[in-house]
J.: 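Pasting a structure here, questions to come.
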2 protein chains.
Amino acid sequence: MQNKSVSQTEENYLKVIYKLDEKAEGKISTSSISEMMGIAPASVTDMLGKLSDKKLISYKKYQGVSLTPSGRKTAVMVIRKHRLWEHFLVEKLGLSWDEVHEIAEQLEHIRSEKLFDKLDAYLKFPKFDPHGDPIPDSNGNFTNTSAIPMSSCNLNGKYLITGVADHSAEFLRYLTRTGMILGCQFTVKEKQEYDNSFLILKQGTKNELAVSNEIAKKLLVTKARD
Amino acid sequence: MQNKSVSQTEENYLKVIYKLDEKAEGKISTSSISEMMGIAPASVTDMLGKLSDKKLISYKKYQGVSLTPSGRKTAVMVIRKHRLWEHFLVEKLGLSWDEVHEIAEQLEHIRSEKLFDKLDAYLKFPKFDPHGDPIPDSNGNFTNTSAIPMSSCNLNGKYLITGVADHSAEFLRYLTRTGMILGCQFTVKEKQEYDNSFLILKQGTKNELAVSNEIAKKLLVTKARD
DNA sequence: TAATTAATTTAGACAAATCTAAAAATATGT
DNA sequence: ACATATTTTTAGATTTGTCTAAATTAATTA
């Protein structure tokens, strides 16, 4: 009953299933996986059979899939590697947060326990990646955060930007341009009724900044003490 | 006339062809590639056809192969990536020189110009990897060295260990155990006629060390000023 | 140089991961 | 609840990189 080896492709499927599970939008369907991966539904069905044979997912035809403990662990370890590399690329090599995802997609499949133990230590066991996503530790445990979407901030509340819900390069570059980067503190000055947009005042600045509801939904914040 | 994309597998073939070319043992044959890669000769023939179609090698049936400029460039860039990563793994992460090869074999296929520019700068543009092999710069130029095998050292000559001709983990661990690591300086005290072994005195030590011809052939040294 | 041996290539097959088109199962709407 | 629409699966094909066995070419040796 050995750990059968898991291919890169299989790792990618598990990662996507994990992410769909995390979103908790009910059943994980063949089509949702197909759509997220840009792969034909028939190909997904095929792979689900293989992952099921390897006991990485449980799968009944037409009924959607779920991760087994072993499949979940594999997925979490891929995510751990991805986020550790992203941290490295930004903090050590000085790449920007909008250009590390693609590179980390490649690096996340490197196989070497020891490498990742050493990398983790070298980076001082970071808890979060450059987008504010938690980095699971070597046992697969995540740090819990109480981040909420900016769209649910209270008037006059003081918050800290701690994450993003949209990882696209375009969105990240928009945030960089407007100075809404991780760690930035702000106070909600106004909440517009008609379009749910905000006027915020960033700490250390003078001019208020308008933030649309679209943007606010994609920004994750935590309450700062006033 | 675009750069067609080169698969990981193709990169590995080009790297092996490059290394066989470097050894300059005459014609690069199907069987030498087969042997070095542990892949059946028939499979190699097949791949040579593909590489030839892509103009990465020139290949006439039964006549052996040689790299085209484009194939050589690809090979050199793979070697550059491999050696940069090895340097990183040893100097930054603290892995030992006998355990980095396998990991670098995976890392050498990561695609991102920018990553390697940044990594190179981060490592301060190293000229040599942990085994003393030269790291080509971003234009593919190698630093020239005048290393010779230790087996051709002169009696009473003073030398510096600067490289290895055998990269196996076993050999590297043997060197580590006996303290014959890169940068170590020594003087040749005796040269045995009957077995071509040496007695050397390492700088800063008191006891002479016996080095068999087998070992001496696999150690690369440069003359030190006396 | 002719015969034998060795190296190389060809032919045909296979596994992994994908595709398209068609069939089957499930879900939806009046 | 039945007809229709959607989702999922099956079937069969394709590409890449590999294999073994057989055929062909080149090299060696008697």
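Just so you know, these numbers use all the heavy atoms, side chains as well, and skip hydrogens, waters and symmetry mates. Lettering follows sequence order; numbering is per chain, from 1.
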J.: Counting the benzene-type ring for Trp, do B:F198 and B:Y159 have ring centres under 6.0 Å apart?
T.: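 Here the rings of B:Y159 and B:F198 have centres that are no less than 6.0 Å from each other.
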J.: Please evaluate residues A:N12 and A:H109 with respect to the criterion side-chain hydrogen bond (donor to acceptor under 3.5 Å, both in side chains), reporting the C-alpha separation (whole Å), side-chain torsions for both, the decisive distance (0.1 Å), and the verdict.
T.: CA-CA 9 Å; A:N12 284 332; A:H109 301 293; 3.0 Å; yes
J.: Please list, one pair per line, the donor and acceptor atoms closer than 3.5 Å that link side chains of residues 36-49 of chain A to other protein atoms, with sequence neighbours excluded.
T.:
residue: A:T45; atom: OG1; partner: A:P41; partner atom: O; Å: 3.3

J.: Indicate whether any N or O donor in one side chain lies under 3.5 Å from an N or O acceptor in the other, for B:S66 and B:S58.
T.: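 Judged by distance alone, the side chains do pair up.
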J.: What does nucleotides 1-13 of chain D look like as a protein-contact string, B for base, S for sugar-phosphate only, - for none, at under 4.0 angstrom between heavy atoms?
T.: -------BBB---
J.: Taking the inter-plane angle between the rings of A:Y174 and A:F171 on a 0 to 90° scale, is it parallel (under 30°), tilted (30 to 60°) or perpendicular (over 60°)?
T.: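 It falls in the parallel class, under 30°.
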J.: Would a distance-only check, ignoring hydrogens and angles, find a side-chain to backbone donor-acceptor pair under 3.5 Å from B:R83 to B:P136?
T.: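 A pair under 3.5 Å: no.
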J.: Could you go through nucleotides 3-5 of chain C and list every protein N or O atom that sits under 3.5 Å from one of its N or O atoms, giving the distance for each pair?
T.:
none

J.: Tell me whether B:E11 is salt-bridged to B:R111, with the criterion being a basic N under 4.0 Å from an acidic carboxylate O.
T.: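 B:R111 and B:E11: salt-bridged.
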J.: Could you give the CD1-to-C1' distance, from A:I33 to C:dA17, as a whole number of Å?
T.: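 Nearest whole value for this atom pair: 15 Å.
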J.: Could you identify which residues of residues 50-58 of chain A place a heavy atom less than 4.0 Å from some atom of DNA chain C, listed by residue number, or say none?
T.: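 Close to the strand are A:K50.
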J.: Could you check whether any side-chain N or O of B:H131 sits under 3.5 Å from a backbone N or O of B:W97, counting only pairs where one atom can act as donor and the other as acceptor?
T.: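 Here the side-chain-to-backbone pair exists.
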J.: What salt bridge (charged side-chain N to carboxylate O under 4.0 Å, His left out) pairs are there with at least one residue in residues 133-145 of chain A, not counting sequence neighbours?
T.: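 For residues 133-145 of chain A: none.
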J.: Nearest whole Å is fine: how far is C:dT18 C1' from A:Q8 CD?
T.: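 In whole Å, C:dT18 C1' and A:Q8 CD are 16 Å from each other.
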J.: Kindly write out the residues that satisfy salt bridge (charged side-chain N to carboxylate O under 4.0 Å, His left out) with B:K54, not counting sequence neighbours, or none if the list is empty.
T.: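 B:K54 satisfies salt bridge (charged side-chain N to carboxylate O under 4.0 Å, His left out) with B:E10 only.
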J.: In whole Å, I'd like the distance from the CD1 atom of A:I39 to the C1' atom of C:dT18.
T.: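 Going from CD1 in A:I39 over to C1' in C:dT18 covers 8 Å.
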